[in-house]
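Everything below concerns the one structure shown next.
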Amino acid sequence: MKRDYPLEKTRNFGIIAHIDAGKTTTSERILYYTGSQHNIGEVHEGETTTDWMEQERERGITITSAAITCFWNPSYMPKTDLSRKVRFNIIDTPGHIDFTAEVKRSLRVLDGAVVVFDGVAGVEPQSETNWRYADEGQVPRVCLINKLDRIGGNFERSFQSILERLTKHAVRMQLPIGTEENFNGVIDLMKMKAYYFEGKMGEDVKEAEIPAELLDEAKKYRLELVEKIAEQDEKLMNDYLEGKEIPIDELKVVLRKATIANTIVPVFLGSALKNKGIQLTLDAVVDYLPSPLDIPAVKGIDPRNGEEVTRHASDEEPFCALAFKLQNDPFVGQLTYFRVYSGTISSGTYIYNSTTGEKERLGRVVRMHANDREEVETVFAGEIAAAVGLKNAKTSHTLCDEANPIQLDQIVFPEPVITLRIEPKTKADQEKMGFALKKLSDEDPTFKIKSDSETGETVMAGMGELHLEILVDRMKREFGVEANVGKPQVAYKETITGEAEKEEKYIKQSGGKGQYGHVLIKIKPMQPLEEGKKIAKNVSRYDDFEFIDSIKGGVIPGEFIPAVEKGVRESMERGILAGYRVVNVSCELTYGSYHDVDSSEMAYKIAASMAFQDAARRARPVILEPVMKVEVVTPEKFMGDVSGSINSRRGQITEMFDRGMNKVIRANVPLSEMFGYVTTLRSLTEGRASSTMEFGSYEIVPPNVAKEIIEARGTATQRA
């Protein structure tokens, strides 16, 4: 079966932004202008296509990323000329920090991104986080400064915030015609033309001459744009220095290369709600963002020998895809979203999961349009689709051709920072709750579940209060589970700050075969791996634990070494101060002995666990707490009250600056002090301030606070 669209006319991109910058509104305009839908759904009316979940429509926010496919004929081409039509595979991502995993996994499989900014606020906290994720994946970007029709909308101030806070490589591609309520068009600095958007929904793009009063400003910034593009190419630079007029087509070619190389970030403008500027941004996606052919070939390792292998974006290469998202569909069951990097795959064939080493039959393949499905026979290189009915594929698993296996790098997700205790209301709910929690945790890698061994309660862990609230609501609506929910708790951790050594023998005689395990371990704080340094063969290294096998002469047989590591890791699940998980420990097994008859894996596991517990008590253990990056936007008259409130919560103010008529305070504040802060902030500022927060880092808890945490944990355990 042949592909219906060439790779060079395919664009896989995401729409990313801080919450309320207008991502979903922009997505709705894209669907309308591309002809995918005949009316525009509005967020405030709860009728959008990409925000299809009940919780999204009720709250007016995006919770889960939605994939949509549409086709765009560039606005500068005749509508009858379909030869330039381009397929867009778009993912609309959430802006709330609690759902940041959706952004991270989407950026992993996309070739480009449109980053949307609020024209009043400019760069906001989640804008910076998303930008960092895009930097990590080297994802090419174009920017859209949105909401310029709002009071306080200011293109120049927002553009400067991009230069100062995100990248020095940003360049103006357009200028606004009018400001705030008088914003009615844009100036294209490349073509030196003005564009207005007429018709009921701004669908008629009208080209005109630049207004006389804006011509000098346009000429000034056009010169700056041409200079920045010319710097990327030696021939263009020579022509520019010689004063030659450089053709637009040549400028576009060089600008495209520079955008894909992340050495230039084009910045556009508009108002999605007022239907202005979106079509020109879509033209920019075609002109400057990469097709699958423009991005570097994907690299992975051959699981058979550990050697590096490469897959190019070609239908002729062996099949290789990455599963990046799971979604529970009430009609067809589990959907596994995947991005195909090379080769093709058809429904009814078998795929090999190189992460698990298992084969599965691919029953049906669908192309997703938010929550609607279009069944397809074959998926080609460069496409994004979803598989129905894969039982063992999870997020980050590599799907490939069994004869040519490859394993791609896994997506690394942030750790949960907040927990919630939950119990079913009835026995019937208990059975359903286990099923629901498993399904939801499979979907969301930042949602963890564990059982408290002392109290027997189920503990949910997530990225924030809203994250857990949504998950509890989904359990009730989608799975019919009624549950009692406790108050949100901080996900503390423990670690060690010193070194200690412990020798432990576990010997048990019971008439028959006994138990014998003997280990000597050394523990110390785990150090970051030096850049470029390879991990030694005798070292097993994980995100927060390192195990070093230094046994010489076979004093402990090799088959028992994994049991020692397992014993230490299991012991780390319950800390020695307050029972929280221990992290960032390097454990070295240096000596031991064995018994020909009585030694067993269980004996070594128990000995290692006992040795770790004793050593950890003497290695200066401390409690770690999540510290959040908090940003408060407040009128100047409330600055003193807001600063005082942050300081009283053990916060450290790191930055203060102006944003329009308001002041912005940035601070690092422990999560434990932030519960109920929004209500306090509203009362302090007559409801005129707003705040956002995202996870920053884990830091050592002060001794007086640690004492309170330990006492509280002891009391809670006694009550249980």
Side-chain angles (χ1 to χ4, degrees), residues 1-8 10 12 67 69 87 89 91 105-111 137 290-327 332-368 373-412 442 445:
M1 184 176 177
K2 288 186 177 180
R3 66 163 57 243
D4 56 354
Y5 244 74
L7 269 176
E8 62 270 18
T10 299
N12 298 316
T69 299
R87 171 189 273 167
N89 296 318
I91 296 182
R105 62 178 164 194
S106 298
L107 283 174
R108 170 60 192 278
V109 298
L110 292 169
D111 303 329
S291 75
L293 293 173
D294 296 313
I295 60 170
V298 68
K299 293 181 179 179
I301 61 164
D302 186 330
R304 297 171 299 188
N305 52 31
E307 293 180 1
E308 186 176 88
V309 285
T310 303
R311 294 284 185 271
H312 296 86
S314 167
D315 297 340
E316 309 307 316
E317 294 232 346
F319 173 66
C320 166
L322 184 72
F324 67 94
K325 175 181 168 72
L326 267 60
Q327 179 181 311
V332 298
Q334 183 172 284
L335 290 168
T336 305
Y337 286 71
F338 60 94
R339 157 72 191 264
V340 181
Y341 287 101
S342 64
T344 64
I345 192 73
S346 299
S347 57
T349 58
Y350 281 86
I351 57 171
Y352 178 66
N353 185 331
S354 62
T355 309
T356 63
E358 299 172 333
K359 274 176 70 174
E360 280 196 76
R361 187 176 180 273
L362 188 62
R364 293 164 55 200
V365 186
V366 294
R367 188 174 289 137
M368 298 301 297
R373 300 167 301 280
E374 174 197 351
E375 196 148 336
V376 293
E377 281 295 315
T378 304
V379 185
F380 299 88
E383 294 188 351
I384 294 171
V388 178
L390 290 183
K391 293 183 175 61
N392 301 318
K394 299 287 185 285
T395 300
S396 280
H397 284 189
T398 303
L399 311 175
C400 61
D401 173 15
E402 187 177 14
N404 299 277
I406 182 174
Q407 198 165 322
L408 304 176
D409 287 343
Q410 298 210 349
I411 309 168
V412 179
D442 283 346

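This structure is a prediction, so every number in the text was calculated from the model and none was measured.
Residues S346 and E377 form no side-chain contact, since every pair of their non-hydrogen atoms from C-beta on lies 4.5 Å or further apart. With a 4.5 Å cut-off on side-chain heavy atoms, T355 and S396 do not count as touching. Between L399 and L322, the closest side-chain pair of non-hydrogen atoms is not below 4.5 Å. Put simply, the side chain of L408 reaches to within 4.5 Å of the side chain of I406, judged on heavy atoms. Counting heavy atoms from C-beta outward, I351 and L390 have side chains that approach closer than 4.5 Å.
The shortest non-hydrogen separation linking F324 to I411 is CB-CD1, 4.3 Å. Taking all atoms of both residues into account, the shortest heavy-atom contact from L293 to A313 is CD2-O, 3.5 Å. Considering all non-hydrogen atoms of both residues, G363 and S347 come closest at O-CB, 3.3 Å. Nearest heavy atoms, P405 versus C400: CA-SG, 3.8 Å.
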Legend entry - Test log, rule side chain to side chain contact (heavy atoms under 4.5 Å, CB included), inputs V109 and F338: CA-CA 8 Å; V109 298; F338 60 94; over 6 Å; no
Inset, instruction - Show the numbers, then the answer: is there a side chain to side chain contact (heavy atoms under 4.5 Å, CB included) between V340 and F380? - result: CA-CA 7 Å; V340 181; F380 299 88; over 6 Å; no
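I345 contributes atom CD1, which lies 11.5 Å from atom SG of C320 (distance to the nearest 0.5 angstrom). Atom NZ of K325 is separated from atom NZ of K394 by 15.0 Å, given to the nearest 0.5 angstrom. Here the CG-CZ distance, from L7 to R87, works out to 10.0 Å after rounding to the nearest 0.5 Å. The structure places CG of N353 at 7.5 Å from CG of N392, a figure rounded to the nearest 0.5 Å. Here D111 contributes atom CG and I384 contributes atom CD1; the two are 7.5 Å apart, rounded to the nearest 0.5 Å. Note that NZ of K359 is 10.0 Å distant from OH of Y352, once rounded to the nearest 0.5 Å.
Evaluated for a side-chain contact (heavy atoms from CB on, under 4.5 Å) with T336, the options L362, V388, D442, L326 yield exactly one hit, L326.
A cation-pi arrangement is present between R339 and Y341, with the terminal nitrogen or guanidinium carbon under 6.0 Å from the aromatic centre and inside a 45° cone about the axis.
Counting only residues at least two apart or in different chains, salt bridge (Lys or Arg N to Asp or Glu O under 4.0 Å) contacts with residues 308-320 comprise R3-D315.
In terms of modelled atom types and a separation under 3.5 Å, the side chain of N12 and the main chain of G382 share a donor-acceptor contact.
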Give the table of side-chain donor-acceptor pairs shorter than 3.5 Å for residues 294-304, with sequence neighbours excluded, one pair per line with atom names and distance.
| from | atom 1 | to | atom 2 | distance (Å) |
| --- | --- | --- | --- | --- |
| D294 | OD2 | R256 | NH2 | 2.5 |
| D294 | OD2 | S291 | N | 3.0 |
| D294 | OD2 | S291 | OG | 3.2 |
| D302 | OD1 | R304 | N | 2.9 |
| D302 | OD1 | R304 | NE | 3.1 |
| D302 | OD2 | R304 | NE | 3.4 |
| D302 | OD2 | R304 | NH2 | 2.9 |

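At a threshold of 4.0 Å, the pair E360-K391 does not count as salt-bridged, since none of the basic side-chain nitrogens sits closer than that to a carboxylate oxygen.
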